[in-house]
Amino acid sequence: MVKQTIQIFARVKPPVRKHQQGIYSIDEDEKLIPSLEIILPRDLADGFVNNKRESYKFKFQRIFDQDAKQETIFENIAKPVAGSVLEGYNGTIFAYGQTGSGKTFTITGGAERYSDRGIIPRTLSYIFEQLQKDSSKMYTTHISYLEIYNECGYDLLDPRHEASSLEDLPKVTILEDPDQNIHLKNLTLHQATTEEEALNLLFLGDTNRMIAETPMNQASTRSHCIFTIHLSSKEPGSATVRHAKLHLVDLAGSERVAKTGVGGHLLTEAKYINLSLHYLEQVIIALSEKHRSHIPYRNSMMTSVLRDSLGGNCMTTMIATLSLEKRNLDESISTCRFAQRVALIKNEAVLNEEIDPRLMIKRLQKEIQELKDELAMVTAEQRTEALTEAELLQLEKLITSFLEDQDPESRLEVGADMRKVHHCFHHLKKLLNDKKIFGNNTVSNTVSSESKDRDCQEPLKEEEYRKLRDILKQRDNEINILVNMLKKEKKKAQEALHLAGMDRREFRHSQSPPFPPGNPEEGQRMRLSSAPSQAQDFSILGNRSSLLHKKTGMREEMSLGRQEAFEIFKRDHADSVTIDDNKQILKQRFSEAKALGESINEARSKIGHLKEEITQRHIQQVALGISENMAVPLMPDQQEEKLRSQLEEEKRRYKTMFTRLKALKVEIEHLQLLMDKAKVKLQKEFEVWWAEEATNLQVNSPAVNSLDHTKPFLQTSDSQHEQSQLFSNKSDVNARKILPSPCPSPHSQKQSSTSTPLEDSIPKRPMSSIPLTGDSQTDSDILAFIKARQSILQKQCLGSN
Ligand code: ADP
Ligand code: MG
């Protein structure tokens, strides 16, 4: 059992605005416990008479300042917890802090760069790496992903649903058994055998979370997300299984509202916006107070699920995320205060070992049989009548198979019948005696025949005898070498077959360029076919969760008009820069991987050649030995030594490249998932915007009427191609001006409606007059309408020039 208080760490987020000095300081003297001091500027104090404290000091296990890298956070916070989980202890890491302080960034990671990946992907990578290294145990890994919003649980990994709102996801409920153990009904556990599979599940859950979020529910700031890695391990042959769970928790934003409104006692009397965080605090307070017998876990779903993590069988770590800017000081102080309370909670983690019932049953069945036999020997009536012929025959068969069985643990089971036991002994004795007699005969026969031979032949000369012995030895050597050669030939033939298979695959891929110009991101999904045979698993690259694909494939359902509008929306969206950047990085990584794959292949064939050369050298030497009638020289051959050192060098090179290729593969996979997610986000925002425009149209009916005068344009409108060219003409500033901003905010819309003479002549919010029909005919009408207005605008621009 490991007794431990909950470990608390603080992480300060880089400020959005320029660094504001003097707000906080970190004291990290190696001998002392690190502390964070938050300094309240005077202007935040009330009035002229200032009785307020000006500085607050909080102790943490460690404090990570703004420049701390994700790698550092993982190494210092998550790796030790993951290590305990691998040993069989439960672990929890939860991030607590106000919205925007970096909880999601810390737990899951940033949406842009690979280096920004957070604790979850890094932990998955670490765990799978360790599992691969440890061959002494058999491991199984399962993943679950739960979101709790408004006291309701939702399964983020449900594969059957195309979630468009939280309610579409299956509801997870809590069940408690008589031993007060918590069970989550409807939460699916997905087995993940590789890092990629686990990563796919993470992205599937995150994508579901994003799609299900609406401006109304603000799920990402008001819900808790619990990503759980369930690990079981068992030693081969043992009946004991170890189970461990690792919860990685992204809590809801901890911001509070003031009970008394603006001003006054904001810090002391503020209430959580999120009720379950209030209950979490109640649990923490109860646990940190001595002699409290009742801990109110049951008040909320989140505290029920995390019951073990808080004051139970778990090694728990909290990360207080802080956004230390002037306007956030009160929230930051609250977060630190909460952490100080959490640090008082003691947990007791135990190894969760369990006996595997199936193995146990087998073992017990055997034991029962043995006991029955023993009992029968002692108590049962012994039979005295002679064994039948059939019984004797059966026994002898048993003896024969027992003697033939090579297994040292095999047993001769004849049951609790003394007659049979005695017969077995008799039979064995007979066999032994027979063998002795036969053996003696053989010896005497050989001796007599030998003496006869000697009688009729001249005695062999000593020298001749030695010569014959040497030849015999050489023949033995030759046979050995030939057998080895045969084996190698066979292996080579198998490899050639295998390579041929690979080449075919490679050829198939080489038919299509890695990045087709029209749609580079699709091309990136091709496989790393030039990787060596050992890297076969690389072929699953691109074989990503079809579920995620389904989510990203929404565009296929769009009508032409909508697609065009989407293209324009995409081009103007801020995220498109990130997507483009990632595309570039992906391209680079992909060609790097391809080049590496080729170098690995080269190294492999070089290794093959070197091995071949060494074998050839052996054969030559043996042949030389035979022809000169001398034994193989014992002295090491210099040429061979050289070949061997070259071989070792090549193997090292191969290994290094292989490791790099493996890392590249994970990076590529991650980048692709990031891009998929970004695309789903873009799509979602487009749908929202499109729907908004439709609603606006219904409200703004005069704008619909104003469509009438554009009809002639509709009739004479050219192809959509021309229209899209008009849009994509980046030099046409005015044309671009009329396009709505990708994420229209109420303010920006108001601003755009301030009229200028030019704008007065066209509908005020151009795209707001677009009807949403989902009907492709009408959609193309919409585009024609847009084009019409573009033309009006252009004409007016020309006129005013
Ligand atoms: P939360 O989940 O607490 O609401 P986020 O993790 O979403 O906050 O962070 C808000 C923004 O700040 C995101 O754009 C995120 O990328 C960025 N961010 C947070 N922490 C860091 C950090 N340590 N370094 C760089 N950017 C960060
Ligand atoms: Mg968040």
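In listed order, ligands and their atoms are each counted from 1.
Using a 4.0 Å cut-off between a side-chain N of Lys or Arg and a carboxylate O of Asp or Glu, Arg327 and Glu325 qualify as a salt bridge. Classification of Arg122 and Glu75 as a salt-bridged pair fails, no side-chain N sitting under 4.0 Å from a carboxylate O. Salt bridge absent: Glu687 and Lys684 never bring a charged side-chain N and a carboxylate O closer than 4.0 Å. Ion pairing between a basic and an acidic side chain is recognised when a charged N comes within 4.0 Å of a carboxylate O; Arg209 and Asp206 show no such pairing.
Using a heavy-atom distance under 4.0 Å as the criterion, the protein contacts of ligand 1 are Arg11, Lys13, Pro14, Gln98, Thr99, Gly100, Ser101, Gly102, Lys103, Thr104, Phe105.
Here 1 is the count of protein N, O or S atoms positioned under 2.8 Å from the Mg ion (ligand 2), waters not counted.
In this structure, Ser254 has no side chain to side chain donor-acceptor pair (under 3.5 Å) partners at least two apart in sequence or on a different chain.
By the 6.0 Å and 45° rule, Arg62 does not stack over the aromatic ring of Phe9.
Here the rule is side-chain contact (heavy atoms from CB on, under 4.5 Å) with Leu287, and of Asn347, Ile295, Val342 only Ile295 fits it.
A donor-acceptor contact shorter than 3.5 Å is absent between the side chain of Thr303 and the backbone of Asn299.
Among residue pairs with one or both ends in residues 306-334, none qualify as ring pair (Phe, Tyr, Trp, His ring centres under 6.0 Å); sequence neighbours excluded.
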